[in-house]
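Proteins come first, then strands; the chains are lettered A, B, ... in the order of their sequence lines, and each starts at number 1. All of these numbers come straight from a predicted model, not from anything done at the bench.
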2 protein chains.
Amino acid sequence: MGSAETERLPNSSFAVLGMLTFGEASGYDLVKLAERSLEFFWAPAKSQIYSELRRLVAAGLATEREVEQADRPDKRLYRITPAGERALRRWLEERPEHEPFKSEFLLKLFFGHQMSRERLLALVEGHRRDSQEALERLREIGAQIDGDPRFRSARLTLEYGIAHFRANVSWCDRALRTLKGGEG
Amino acid sequence: MGSAETERLPNSSFAVLGMLTFGEASGYDLVKLAERSLEFFWAPAKSQIYSELRRLVAAGLATEREVEQADRPDKRLYRITPAGERALRRWLEERPEHEPFKSEFLLKLFFGHQMSRERLLALVEGHRRDSQEALERLREIGAQIDGDPRFRSARLTLEYGIAHFRANVSWCDRALRTLKGGEG
DNA sequence: TCGAAATAGTCCGAATAGAACTAGACCGGA
DNA sequence: TCCGGTCTAGTTCTATTCGGACTATTTCGA
C-alpha cells in the first residue's frame with residue numbers, strides 16, 4: 001500500500017497509468033489504445049502493458065476486477081485509484097530527463113564511408129520515403145481529430161511528429177544534394 | 001567460426017564493429033569514442049560494449065590480444081577481421097527497419113490535460129531550453145570538424161542532429177503560442 | 001465446415017540500461 | 001608523505017524493455 005508513495009516506477013508504468021485516466025480498461029484495450037495513440041513516441045510491448053498493470057495493482061495505483069463474458073473470452077478491467085492519480089500528477093510535474101535518441105538509420109549513415117555511393121544514396125532515399133509516409137499517416141490522423149477539443153494535448157504531440165518528419169524530409173533532400181554534388 | 005555467417009547479431013554489435021574500422025582499440029577506447037561520436041543517435045551502455053567485443057571475437061568478426069603496460073593497467077586490444085568487414089558491409093546494405101522513437105517529454109505532454117497550465121508551459125519551455133543547448137553543443141562540434149574530409153559521413157549525422165533540434169525549437173515556439181493564446 | 005480474424009492474455013529469452021564495484025597508476029596539495 | 005581525486009581498464013548485477021511464440025474462445029465469411 002504505502003509502497004505507492006516510495007517505490008520508484010519506470011516511465012512505462014506511468015504510460016499505462018496515464019492511459020487509465022481515459023477510463024476503466026482491460027489490458028487488451030490498452031494495447032489497442034497504445035497502438036492508436038502513444039505509438040509514435042512511446043510503444044511498450046504488449047507483454048509489458050500486462051505486467052505494468054499487475055505492478056500498478058500491487059502498488060495500489062489501480063484496481064482490478066474480473067468480468068465474465070458469454071460472447072467472448074473473460075477479461076479483467078483496471079481502474080485508476082485516487083493514489084494512482086496523485087502518483088501520475090507527481091510524475092507529470094517532474095522535469096523529463098535527457099532524452100536518449102536511437103536511430104539505426106543514423107548509425108548506418110555514420111559508417112557510410114564503408115558503403116558504395118549508390119548504397120549510401122539508396123539509404124538516404126529510403127529514409128526520405130519512410131519519413132514522407134509517416135508524415136502522410138500523421139496528417140490523416142490530424143484531419144480526423146481536427147477541431148475536437150478533447151485532443152488538445154494529443155494534437156500538440158501530433159504536430160511535434162509532423163514537424164519532426166518534415167525536418168527529416170528536408171534534411172534528406174539536402175543530404176542527397178551534398179552526396180550527389182560532392183565529388184561526382 | 002562459420003557462426004559468423006549464420007548468427008543474427010543485434011545492431012549494437014555492428015555499432016561496435018563499425019567503430020573498430022577506425023583502428024585497433026580497447027573496450028575503454030571504444031567507450032570514449034562512442035561518447036564523443038555515436039552518443040547522439042546510438043549510446044550503448046559501457047557494459048554492453050565490453051560484451052559485444054566478447055561476442056564479436058566468439059563469432060570470428062574481431063580478434064583480441066593482450067597488451068601489458070607498465071605505466072597503467074593492462075588492456076586488451078581488438079581488431080576487426082576480414083570476416084568482420086564483410087559482415088559489417090552486409091549489415092550496412094540492409095534497409096534499416098522502422099525506427100522506434102521514444103520521448104518522455106512527449107509522453108508527459110500527451111497527458112497534459114492532467115496538468116495545470118503553468119506546469120504545461122514549464123514543460124514546453126524546459127524542452128525548448130534543452131533543445132537550444134543541444135543545438136549549441138552540436139554547432140560547436142560542427143565548427144571543430146569543419147572541412148575535414150575524414151568526417152564526411154559524420155558531418156551528415158551532425159547536420160541531422162542540428163535539423164532535429166532546430167525543428168524542436170520552432171515547434172516549442174509554436175506550441176507556446178498555442179498554449180498561451182488558447183483560452184487565455 | 002474450414003480457416004481467418006478478433007478478443008484476451010501468458011511465457012520466455014534476449015537485448016538494453018545503468019549503477020556499483022574492483023583495481024592499478026598517476027598527480028597535486030596539505 | 002599521505003590523502004584524495006582522476007584516469008585507465010574492465011566486471012558484475014539488477015531492472016527494464018523488446019519481441020516473438022504460445023494458449024484459448026468466439027465470431028464471421030467463403
(message) Can you build the contact string for nucleotides 20-27 of chain C? Use B for base contact, S for sugar-phosphate-only contact, and - for no protein heavy atom under 4.0 Å.
(response) ----BS--
(request) Can you tell me the distance, in whole Å, between the CD1 atom of I49(A) and the P atom of dT16(D)? (result) 16 Å
(request) Answer with yes or no whether the side chains of S12(A) and E52(A) bring together a donor and an acceptor at under 3.5 Å. (result) no
(message) Just the rounded figure in Å: distance from P of dA8(C) to CD of E66(A).
(response) 13 Å
(request) For R54(B) and dA15(C), give me the distance from atom CZ to atom C1', rounded to whole Å. (result) 15 Å
(request) Answer yes or no: does a side-chain N or O of R55(B) lie under 4.0 Å from OP1 or OP2 of dA15(C)? (result) yes
(request) Tell me what S12(A) touches on the nucleic acid: a base, only sugar-phosphate, or nothing, going by heavy atoms under 4.0 Å. (result) sugar-phosphate
(message) I need the CD-P distance between E97(A) and dA17(C), as an integer number of Å.
(response) 13 Å
(request) Would you indicate whether Q69(A), at its atom CD, is surrounded by more than 12 heavy atoms from other residues, nucleotides or ligands within a distance under 6.0 Å? (result) yes
(request) Let me know, please, whether Y78(B) or S13(A) comes out on the 5' side of the other along DNA chain D by nearest nucleotide. (result) Y78(B)
(message) Apply salt bridge (Lys or Arg N to Asp or Glu O under 4.0 Å) to residues R137(B) and E133(B) and explain how you reach the verdict.
(response) CA-CA 6 Å; R137(B) 273 203 315 283; E133(B) 277 167 29; 5.2 Å; no
(message) Rounded to whole Å, how long is the line connecting atom CD of E52(A) with atom C1' of dC18(D)?
(response) 13 Å
(request) Please state whether the rings of F110(B) and F22(A) are parallel, tilted or perpendicular, taking 30° and 60° as the class boundaries. (result) perpendicular
(request) Select base, sugar-phosphate, or nothing to describe what P100(B) touches, counting heavy atoms under 4.0 Å on all strands. (result) nothing
(request) Would you kindly give the OH-to-C1' distance between Y50(A) and dT7(C), to the nearest whole Å? (result) 9 Å
(request) Answer yes or no: is there a donor N or O on one side and an acceptor on the other, between the side chain of D29(B) and the main chain of S26(B), under 3.5 Å? (result) yes
(message) Just N and O in the side chain of K102(B): are any of them under 4.0 Å from OP1 or OP2 of dC18(D)?
(response) yes
(request) Dump the intermediate steps for salt bridge (Lys or Arg N to Asp or Glu O under 4.0 Å) on E159(B) and R177(A), then the final yes or no. (result) CA-CA 14 Å; E159(B) 268 159 17; R177(A) 274 199 301 277; over 6 Å; no
(message) Check the orientation of F14(B) and W91(B). Use parallel for under 30°, tilted for 30 to 60°, and perpendicular for over 60°.
(response) parallel
(request) Please list, chain by chain and in numerical order, all residues satisfying side-chain hydrogen bond (donor to acceptor under 3.5 Å, both in side chains) with R65(A), sequence neighbours excluded. (result) E24(A)
(request) Compute the centroid of each ring, for F40(B) and then for F165(B), and state whether the two points are separated by less than 6.0 Å. (result) yes
(message) In whole Å, I'd like the distance from the CD atom of Q48(A) to the P atom of dA17(C).
(response) 14 Å
(message) Closest approach to the side chain of P10(A), judged atom by atom: which nucleotide of dT16(D), dG10(D), dA17(C) is it?
(response) dT16(D)
(message) Expressed as a whole number of angstroms, how long is the span from E24(A):CD to dA8(C):P?
(response) 13 Å
(message) For DNA chain C, which residues of residues 25-39 of chain A approach it to below 4.0 angstrom with any heavy atom?
(response) S26(A), G27(A), Y28(A)
